[in-house]
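To find a chain, count down the sequence lines: A is the first, B the second, and so on, and within it residues start at 1.
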Amino acid sequence: MLIIEIEGAPEAIIGLNGIKGIKLQSGLRDLGGGRVRASAVLASADLVPEIEARSLVVRVTMDESEIERRGAAQREAMRRAFPDREPDPEDGSRKP
Amino acid sequence: MTLPSDRYPTAEEIHAELVAFAADPRFSAICTVSDLPERSHENRATNFVRIGRQDAGSPNRNRVLFTGGVHAREWAPPTALTNLISVLLEAFVASSAISIGNSTCRADHVRQIIETVDLFIMPMVNPDGYNFSLSTGTPWRKNRRPAPSPLPPGCSDAAAAIGVDINRNFDVLWDFDLFYLSPSAVQSSKDPCEDIFIGSAAFSEPESRNVRSLLQREPAFYVDVHMFGRTVLHSWGVEENLPVSAATPALNPGRVRDGTTPPNNPPNAYREPIDSSFLGGIEALANLMADATGLATGRRYTPTPGALPVSISGAADDFAFSRNLGTSRLLTRAFTLECGTGFLPDFVTEHPNIEREVQAALLALLANAVTPVTTASSSSNSCRGCS
């Protein structure tokens, strides 16, 4: 999973609806000059070239490694807050 | 109050915080706490606070509802809403203003809000999912309903098949196949392995039923706080708006929606009727909330109809708005505030500004909720109070 911003013609962005693995966030920002910006959640970075092929500019705001880094930091925060909790045998988390 | 200062609180800590607010003798005349009627799949209780002069007694007091924590990985809204409760209560008892960046709610406006508005805040709609996301550090979205057994064809991942998207489970065009020309016209799914799984029936989930129980109190204003995008979404989310000059009729029951929006509309594309004066009122309110975010941090949110660029069925905001259409009852001005720029926001470096933006936007709405809304379609866009 990764989070991206997409810029370009509104019809090209709206045309991404229905492509498996691309979930557009609600809301378009008007950039002027016939261009808009949208945010989206992608299931995989493999989808970026497919978006760029539609003359859209993609900026990755949170890639998979960043999501993992944030997740690890959060797990560590929970470990510090609840040191006595046993990790869940299935997913390793320390459930409150 | 006792929320941790260096990390996101757990669902249990937020529950306890709400109890502590109501138990504080300084706030007892203006704040009560109650549990919602249903527990979650993992047997967690959720609660809400009611803020306002309980003895004010005016039948025309506007009810206002704020919810958060619907989607598990959107960590900021539950804390932002819980801290908004604290900010409001402390400012009221101290007769002080609330300043958030350049956004200010004067002391007399705080007092007016507490004395004339009946405010309900439910910061944690989905405690199981939130705790799961928090403890595993994963971008989980749904609740934690056990996966169906056996798994349906095409869905082989039992872990992914856990849960229902609460914000697709409300009874507004819930069974989207009946209302849209194709499944790709709407961002909702009947596949349990998908993040946007609508569930086995409308209101199949205790979390959405709990929100419905608060909506049955007929709020004049409702804001569901989500992440992300820095947008203020307003009606409609199910389709592009068709402003009409008469009171908006009940939802068209036909399979007519194509999910398209300009400039991709084909000739004669379907659009969802909405009373033009009501639309003008909610656009004005969305702009006021957006202005307040800009004053708070310098980053103004974008007001926009929810259906742009993608139609969504079964969402809480559209349910709140649609449920009284075609009746004489009050229409709810419903919004979704999409805060921040991504999931899993860092508590120390990102959360503070997100919280400022959420609180400034909601205070701006509250300041405009002090004037009673008494008719089904009348607008409230007096543009007064906190900004």
- Quick one: does B/Pro123's side chain get under 4.5 Å of B/Leu18's, heavy atoms only? yes
- Tell me, for B/Phe347 versus chain A, whether the close heavy atoms (under 4.5 Å) come from the side chain, the backbone, both or neither. neither
- Side-chain donor/acceptor of B/Asp128 to backbone N/O of B/Arg144, under 3.5 Å: no
- Query: With no hydrogens and no angle check, is any side-chain donor or acceptor of B/Tyr8 less than 3.5 Å from a backbone partner on B/Pro345?
  - Reply: yes
- Quick one: does B/Asp318's side chain have a donor or acceptor within less than 3.5 Å of a partner on B/Val238's backbone? yes
- Note on the structure: Pair count under 4.5 Å, heavy atoms only, with chain B: among A/Met1, A/Met62, A/Arg29, highest is A/Arg29
- By a 4.5 Å heavy-atom criterion (distance strictly below it), what part of B/Arg73 contacts chain A: side chain, backbone, both, or neither? side chain
- Can you check whether B/Thr260 reaches B/Glu240 side chain to side chain, under 4.5 Å on heavy atoms? no
- Query: At a heavy-atom separation under 4.5 Å, does A/Val36 approach chain B through its side chain, its backbone, both, or neither?
  - Reply: neither
- Message: Between B/Gly137, B/Ser184, B/Pro309, who has the most heavy-atom pairs with chain A when the cutoff is under 4.5 Å?
- Response: B/Pro309
- What residue in B/Thr304, B/Thr231, B/Val310 has the most heavy-atom pairs under 4.5 Å with chain A? B/Val310
- Would you mind checking which part of A/Lys23 comes under 4.5 Å of any heavy atom in chain B, side chain (CB onward), backbone (N, CA, C, O), both or neither? both
- Which atoms of B/Leu233 approach chain A - backbone, side chain, both or neither, heavy atom under 4.5 Å: side chain
- Task: Would you mind reporting whether B/Ile282 and B/Ser235 have side-chain heavy atoms less than 4.5 Å apart?
- Result: yes
- Contact origin within A/Leu24 toward chain B - heavy atom pairs under 4.5 Å: both
- Among the options A/Glu66, A/Glu11, A/Lys20, pick out the one with the most heavy-atom pairs lying under 4.5 Å from chain B. A/Glu11
- Message: With a 4.5 Å cut-off on side-chain heavy atoms, are A/Arg35 and A/Val57 touching?
- Response: yes
